[in-house]
Amino acid sequence: MSNAIYVEAQSISEIFYKVSSEGKLGIVPIENSLEGPINETLDNLFKFDDVFVNKIIELKINLVLASKGDINIKHIKNVYTHLYAYKEAQNSLLKLGIVNNVIPVESTSKAAILALSDPNSAALCSEFAARLYGLKILAYGVQDYNNNITKFALISKNVSFRGERSMILFTVPDLPGSLYKVLEKFYTFNKNLKMIYSRPVRSIPWNYYFYVEYEGSYEKELLDELKKVTTSLKFKGSYNIT
């Protein structure tokens, strides 16, 4: 990927659309150590059957407050940021005197762009984004905890079948014991679950899908057994974590 051209996107959903329609590679956040799974990413993994996870990259997140000029923090009228970044830095922002003037946008990159065009505002974003767009950093380490780590997924239209972990998404019948029957299959195949999470199915009110990560590579026998106890099953790839 050393010769790759990196292109900013306005949202996670736009990245999925470009990967699906144009065959591009994409990098999206999938889970944060403080706030949990990134719902927009999970929902798009469920929506796009032709997009798969090829690798997971863990990065420590260092948030900064940055603006176009060297403005006094007390004079900032608006702070642009992504909702997840805001949740990761609420107490730190309060200590800086920023209370009610936070405006959520699609991404921290978009926040940096908006701050660049508005001299009376600032962006809560990564240090990388601030330097990329030429912003002046007003405060470093604007996060509530130092163990703020985000997992990013490399996604593409190519499915991988080998790795230290695998990912599936599935739905089950609305009957007692349905989820138990799924979990029982993992016990039978001696698979250690690393994550299980439920999300609403957007097209059907009060219906849910499950997101599962488990240790080990793709196994056809396991997937065949899971198909017997699920109403839909989507294998999203096996991958390594770096």
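Note that the coordinates shown come from a computational prediction; the quantities given were computed from them, not determined experimentally.
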For Thr230 and Val172, indicate whether the former's side chain and the latter's backbone hold a donor-acceptor pair under 3.5 Å.
-> no

Flag side-chain contact, heavy atom, 4.5 Å: Ile38 against Thr150 = no

Would you call Lys228 and Glu225 a salt bridge, using N to O less than 4.0 angstrom?
-> yes

Hey, are Asp43 and Lys47 close enough for a salt bridge, meaning a charged N less than 4.0 Å from a carboxylate O?
-> no

Test log, rule side chain to side chain donor-acceptor pair (under 3.5 Å), inputs Glu88 and Asn148 | CA-CA 8 Å; Glu88 295 160 16; Asn148 186 0; 3.1 Å; yes

Least distance between heavy atoms, Ala129 atom then Ala112 atom | O-CB, 4.3 Å

Under a 4.5 Å cut-off applied to non-hydrogen side-chain atoms, are Leu94 and Val99 in contact?
-> yes

For Leu63, the option from Thr81, Leu93, Leu124 that meets side chain to side chain contact (heavy atoms under 4.5 Å, CB included) | Leu124

Go through the steps to decide whether Tyr197 and Asn39 satisfy the test side chain to side chain donor-acceptor pair (under 3.5 Å), and finish with yes or no.
-> CA-CA 10 Å; Tyr197 190 70; Asn39 294 333; 3.3 Å; yes

Lys234 to Phe46 six-membered ring, cation-pi geometry met (6.0 Å, 45°) | yes

Give a yes or no answer on whether the side chain of Ser33 reaches the backbone of Ile149 with a donor-acceptor pair at less than 3.5 Å.
-> yes

Least distance between heavy atoms, Ala130 atom then Ala66 atom | CB-CB, 3.8 Å

Keeping the roles fixed (side chain from Ser92, backbone from Gln143), state whether a donor-acceptor pair exists under 3.5 Å.
-> yes

If only atom types and distance count, is the side chain of Ser21 paired as donor or acceptor with the main-chain N or O of Tyr17 below 3.5 Å?
-> yes

Hey, can you tell me if Phe235 and Tyr218 have their rings parallel, tilted or perpendicular (30° and 60° cut-offs)?
-> perpendicular

State, with a plain yes or no, whether a side-chain heavy atom of Leu96 is found less than 4.5 Å away from one of Leu138.
-> no

Salt-bridge present (Glu213, Arg165; N to O < 4.0 Å) = yes

Going through the checks in order, is the side chain to side chain contact (heavy atoms under 4.5 Å, CB included) test met by Phe170 and Val182?
-> CA-CA 10 Å; Phe170 63 88; Val182 174; 3.7 Å; yes

Verify, without hydrogens or angle tests, whether Asn207 (side chain) and Pro205 (backbone) share a donor-acceptor contact under 3.5 angstrom.
-> yes

For His82, does its backbone N or O pair with a side-chain atom of Thr108 as donor and acceptor, under 3.5 Å?
-> no

Report yes or no: does Ser160 contribute a side-chain atom to a donor-acceptor pair with the main-chain N or O of Arg162 at less than 3.5 Å?
-> no

Side chain of Asn101, backbone of Lys77: donor and acceptor closer than 3.5 Å?
-> yes

Does Lys136 reach the main-chain N or O of Ser67 with its side chain, forming a donor-acceptor pair under 3.5 Å?
-> no

Considering all heavy atoms, the nearest Ser13-Asn44 contact | OG-ND2, 3.1 Å

Without swapping roles, check the side chain of Glu127 against the backbone of Val64 for a donor-acceptor pair under 3.5 Å.
-> no

